[in-house]
2 protein chains.
Amino acid sequence: MARAATTTDAFNAVAEPRRRQILDLLAQGERPVNDLVAMLGLAQPQVSKHLRVLREVDLVRVRDEGRQRLYRLNAEPLRPIHDWLRKYEQSWNARFDLLDTVLAELKEEEPDGTD
Amino acid sequence: MARAATTTDAFNAVAEPRRRQILDLLAQGERPVNDLVAMLGLAQPQVSKHLRVLREVDLVRVRDEGRQRLYRLNAEPLRPIHDWLRKYEQSWNARFDLLDTVLAELKEEEPDGTD
DNA sequence: TTGACGTATTCCGTTATGGGTATACGATTC
DNA sequence: GAATCGTATACCCATAACGGAATACGTCAA
């Protein structure tokens, strides 16, 4: 088995910096492909390919406007990522550096208080 | 060029479900490899390999304890992901479904009000 | 219709993943 | 020193990513 497809989920789709950049751009509003091409400094086919991936995980939606295709953001698939990260928030918000791990360990299990 | 290495950053490292699972387990406290092996139902070498990736992006730290290696979580590299997601939070927290895109578009640019 | 534009798709090559299996290494015990 | 445990590494395979280049659409203009 190889690495999971980029179109498997938002986690994989968003691992690619360019794709994140595209989302960042689309966060400002709907854009035709060529706008993105210009802004990203990438070749048009690559942009279309990245958009395809984003489309397949439903991170972007398209709307046909004449000969242009206007892409817009749909952030909802990012939610699971955010939700998953949520439980780790405290780890960097506090000075838990190693203390929190120790504490968590103590109250979770390791019932053998064998130091 | 191929896909960015899994060890490039937390984004890539965490795109793999198994690796997320490992972090989830380590969130509960330090664990030796074999514990993870048992909990994950994976072969030991695969677990070691995943741990290596996590180690390379500093998502886990190791501590030698006799013949065991105790791994523990270091969540900080997750922070950039969280930070990046932050700007999209409102997109799914409200009913901005397509309204927000339109609004953003209006106030950002597209100075030609040609509709 | 022909042509230009905007975008998507196909084909290529390089790279590395992730699982499987075997094995190497260090530490401990006998 | 030998056997054993706990873990890491090496090797193999199948898969697919990403960029580049060429090209195939569909739409609009002359």
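Proteins get letters first, then strands, A, B, ... in listed order; numbering begins at 1 in each. Atoms considered below: every heavy atom in the structure, side chains included; atoms not considered: hydrogens, waters and symmetry mates.
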Taking A/Arg20 for its side chain and A/Val14 for its backbone only, find out whether a donor-acceptor pair lies under 3.5 Å.
yes

Verify the contact: side-chain N or O of A/Arg69 to OP1 or OP2 of C/dA8, cut-off strictly under 4.0 Å; return yes or no.
yes

Distance test, side-chain N/O of A/Asn34 to OP1/OP2 of C/dT7, below 4.0 Å:
yes

Where along residues 7-17 of chain A does a heavy atom come under 4.0 Å from DNA chain D, residue by residue in number order?
A/Glu16

Within the structure shown, what part of the strands sits under 4.0 Å from A/Ser48 by heavy-atom distance: base, sugar-phosphate, or nothing?
base

DNA chain C nearest-nucleotide lookup for B/Gln44 and A/Val62: closer to the 5′ end is A/Val62

Tell me whether the OP1 or OP2 atom of C/dA8 has a side-chain N or O from A/Tyr71 closer than 4.0 Å.
yes

On the side chain of B/Gln46, is there an atom forming a donor-acceptor pair with the base of C/dG20 - under 3.5 Å, no angle test?
yes

For D/dG19, does either OP1 or OP2 sit under 4.0 Å from a side-chain N or O belonging to A/His50?
yes

Pick from A/Leu26, A/Asn74, A/Leu73: which one makes a side chain to side chain contact (heavy atoms under 4.5 Å, CB included) with A/Arg61?
A/Asn74

Compare all side-chain heavy atoms of B/Arg72 with those of B/Arg63 and state whether any distance is below 4.5 angstrom.
no

Hey, is the main chain of A/Val37 close enough, under 3.5 Å, to the side chain of A/Asn34 for a donor-acceptor pair?
no

Tell me what B/Arg19 touches on the nucleic acid: a base, only sugar-phosphate, or nothing, going by heavy atoms under 4.0 Å.
sugar-phosphate

When B/Ala2 and A/Val47 are each assigned the nearest nucleotide of DNA chain C, the 5'-most assignment goes to A/Val47

Phosphate contact (C/dT17 OP1 or OP2) by B/Arg3 side-chain N/O below 4.0 Å:
no

Under 4.0 angstrom, heavy atoms only, what part of the nucleic acid is B/Gln68 near: base, sugar-phosphate, or nothing?
sugar-phosphate

Under 4.5 Å between any side-chain heavy atoms of B/His82 and A/Tyr88, yes or no?
no

Decide yes or no on side chain to side chain contact (heavy atoms under 4.5 Å, CB included) for B/Gln46 and B/Arg18, but give the supporting numbers first.
CA-CA 10 Å; B/Gln46 331 305 333; B/Arg18 310 296 196 161; over 6 Å; no

Strictly below 4.0 Å: does B/Arg52 bring a side-chain N or O up to OP1 or OP2 of D/dT9?
yes

